[in-house]
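Heads up: numbering here begins at 1 and tracks the sequence.
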Amino acid sequence: MVNTPQRLLSYDDILNQEIAVARTTQNRLRGASENVPKLFNTLFHLTYFFGSKPNKESPEGYYHQYCWYVYYHLPYTSRACFILWTCGYYLEASQLLRNILETLVKMRYLKNHTDQIEAVWLNKKFGKSRITIKTMFEEVIPGYYDIEYGQLLSGFVHGSSASLLFKLELIAPNNAKVDQGVVYKENYSSYVLNQLIVYVLGCLNFFPVAFPDGFSALTEPIKKEWQSSVDWCLDCVDSHKKEHPKSIRWYQKLESFCVQIIC
């Protein structure tokens with residue numbers, strides 16, 4: 001016999017839970033709730049400054065097109081991740097974090113391997129083999145693939161046991177508590193938020209490299225907006241390090257990849 005709960009969870013319950021979680025998120029993390037949208041504003045404004053287009057048939061032209069594709073979609077993907085985060089969809093938000101991180105890795109890698117752009121973009125063979133995402137990770141951010149990307153972010157997408165992390169709490173070895181609906185959880189909220197901020201920071205810092213002509217053409221207000229966004233992200237990184245010293249080791253892996261300004 002199946003034990004049926006007295007009241008079944010409904011779609012309306014989920015809608016109400018989303019509102020409640022969003023309210024809690026905004027109250028508990030007010031600074032992020034107010035300032036992260038400003039990052040998206042900057043990302044949208046940057047899409048008007050891609051600079052002159054190189055010859056489409058040249059490696060530089062293909063690279064410009066690929067980076068254009070990434071930065072065009074970035075504000076939308078980041079915004080979608082933010083919406084999910086606000087409402088307590090931490091697993092689903094993490095799946096979008098994977099996309100943001102992966103495209104940033106590819107841009108960084110292809111900057112030094114423009115001859116491989118078509119193979120990476122269209123998933124074709126380069127020579128006798130395909131270029132794996134792990135190969136790209138190990139070059140631009142050594143050691144980050146195996147745990148942070150491979151086991152966690154990829155695990156969230158592909159439905160491994162890691163995907164249970166946000167919804168299941170082990171009470172005893174053979175007993176677990178499963179959330180009914182969406183629930184605000186401070187630690188998982190911070191997990192998503194810290195990654196979103198640092199990956200967006202990496203994209204902001206890489207824009208002058210991907211589009212040097214476009215960056216030089218930024219109007220003074222947009223340049224100030226870009227700098228303000230970068231500074232706010234760096235302040236968040238410093239604050240997180242001070243509040244949670246264990247995070248320093250994670251940031252050290254990302255230092256040259258996301259945190260430092262490349263230009």
Inset, instruction - For Leu29 and Trp85, run side-chain contact (heavy atoms from CB on, under 4.5 Å): C-alpha distance rounded to whole Å, both residues' side-chain angles, the deciding distance at 0.1 Å, then the answer. - result: CA-CA 11 Å; Leu29 299 165; Trp85 167 79; 3.5 Å; yes

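- Side-chain contact between Tyr188 and Leu91 is absent, with no heavy-atom pair separated by less than 4.5 Å.
- Placement of Tyr184 and Ile83 in two distinct hydrophobic clusters is found when ILVMFWY residues are connected by side-chain heavy-atom separations under 4.5 Å, directly or transitively.
- Separating the OH atom in Tyr48 from the OG1 atom in Thr219 is a distance of 12.5 Å, to the nearest 0.5 Å.
- For the pairing with Cys233, the side-chain contact (heavy atoms from CB on, under 4.5 Å) check across Asn205, Asp238, Leu39 returns one residue only, Leu39.
- By the neighbour-count criterion of 12 heavy atoms within 6.0 Å, atom OH of Tyr69 is sparsely surrounded, having that number or fewer from other residues, nucleotides or ligands.
- For the residue pair Phe50 and His64, the shortest heavy atom distance occurs at O-NE2, 3.0 Å.
- Under the 4.5 Å side-chain heavy-atom criterion for grouping Ile, Leu, Val, Met, Phe, Trp and Tyr, Val183 is not connected to Leu193 through any hydrophobic cluster.
- Between Lys253 and Gly143, the closest heavy-atom pair is NZ-O, 4.5 Å.
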Inset, instruction - Evaluate the side-chain contact (heavy atoms from CB on, under 4.5 Å) criterion for residues Cys258 and Leu104: first the C-alpha distance (whole Å), next the side-chain angles of each, then the deciding distance (0.1 Å), finally the verdict. - result: CA-CA 9 Å; Cys258 286; Leu104 180 55; 4.0 Å; yes

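- Using modelled atom types, no side-chain atom of Ser78 and backbone atom of Pro75 make a donor-acceptor pair closer than 3.5 Å.
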Inset, instruction - Go through the steps to decide whether Lys106 and Glu102 satisfy the test salt bridge (Lys or Arg N to Asp or Glu O under 4.0 Å), and finish with yes or no. - result: CA-CA 6 Å; Lys106 288 180 178 179; Glu102 185 174 306; 3.4 Å; yes

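- Atom CD of Glu243 sits in a sparse spot, with 12 or fewer heavy atoms from other residues, nucleotides or ligands closer than 6.0 Å.
- Other cluster members for Leu15: Tyr11, joined by side-chain heavy-atom distances under 4.5 Å among Ile, Leu, Val, Met, Phe, Trp and Tyr.
- A 4.5 Å side-chain heavy-atom check between Leu196 and Ile100 finds at least one atom pair inside the cut-off.
- For the residue pair Tyr109 and His113, the shortest heavy atom distance occurs at O-CD2, 3.1 Å.
- When all heavy atoms of Ile14 and Gly181 are compared, the closest pair comes out as CD1-CA, 3.6 Å.
- Checked by atom type and distance alone, the side chain of Ser239 never pairs as donor or acceptor with a backbone atom of Asp235 at under 3.5 Å.
- Note that the CD1 atom of Ile117 and the SG atom of Cys67 stand 7.5 Å from one another [nearest 0.5 Å].
- The shortest heavy-atom contact between Lys185 and Tyr90 is N-OH, 3.3 Å.
- When the side chains of ILVMFWY residues are joined at heavy-atom separations under 4.5 Å, either directly or via intervening members, Val140 and Val120 end up in a single hydrophobic cluster.
- Using modelled atom types and a 3.5 Å distance limit, the side chains of Tyr144 and Trp250 yield a donor-acceptor pair.
- No donor-acceptor pair under 3.5 Å is formed between the side chain of Ser228 and the backbone N or O of Lys224.
- Atom NE2 in His45 sits 5.0 Å away from atom CD1 in Ile222 (nearest 0.5 Å).
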Legend entry - Criterion side-chain contact (heavy atoms from CB on, under 4.5 Å) on Phe257 and Val105, from CA distance to verdict: CA-CA 9 Å; Phe257 176 70; Val105 166; 3.6 Å; yes

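- Heavy atoms only, all atoms of each residue included: Ser33 and Thr25 are closest at OG-O, 3.8 Å.
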Inset, instruction - Just do the side-chain contact (heavy atoms from CB on, under 4.5 Å) check on Lys241 and Val237 with the steps written out, would you? - result: CA-CA 6 Å; Lys241 286 179 179 179; Val237 171; 3.8 Å; yes

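- For Tyr63, the ring pair (Phe, Tyr, Trp, His ring centres under 6.0 Å) criterion is met by no residue, not counting sequence neighbours.
- Qualifying side chain to side chain donor-acceptor pair (under 3.5 Å) partners for Glu18, counting only residues two or more places apart in sequence or in other chains: Tyr89.
- Taken to the nearest 0.5 Å, the OG atom of Ser256 stands 6.5 Å off from the CZ atom of Arg108.
- With sequence neighbours excluded, the residues satisfying ring pair (Phe, Tyr, Trp, His ring centres under 6.0 Å) with His240 are His244, Tyr251.
- In the hydrophobic clustering of ILVMFWY residues, with side-chain heavy atoms under 4.5 Å counting as a link, Ile19 and Val182 come out apart.
- From Ile141, atom CD1 reaches atom CG of Leu101 across 6.5 Å, with rounding to the nearest 0.5 Å.
- Counting only distance, with no hydrogens or angles, the side chain of Trp226 and the backbone of Leu204 share a donor-acceptor pair below 3.5 Å.
- With sequence neighbours excluded, the residues forming a ring pair (Phe, Tyr, Trp, His ring centres under 6.0 Å) with Phe207 are Tyr71, Phe211, listed by chain and number.
- Taken from CG in Asp13 to OG in Ser10, the straight-line distance is 3.5 Å, to the nearest 0.5 Å.
- Applying the ring pair (Phe, Tyr, Trp, His ring centres under 6.0 Å) rule to Tyr72 yields the partners Trp68, Tyr76; only residues at least two apart in sequence or on another chain are considered.
- Using a 4.5 Å cut-off on side-chain heavy atoms (C-beta onward), Asn99 and Gln95 make no contact.
- In this structure, Phe137 and Ile133 have side chains that are in contact, with non-hydrogen atoms separated by less than 4.5 Å.
- In terms of hydrophobic clustering, with Ile, Leu, Val, Met, Phe, Trp and Tyr side chains grouped at heavy-atom distances under 4.5 Å, Ile248 and Tyr199 are assigned to different clusters.
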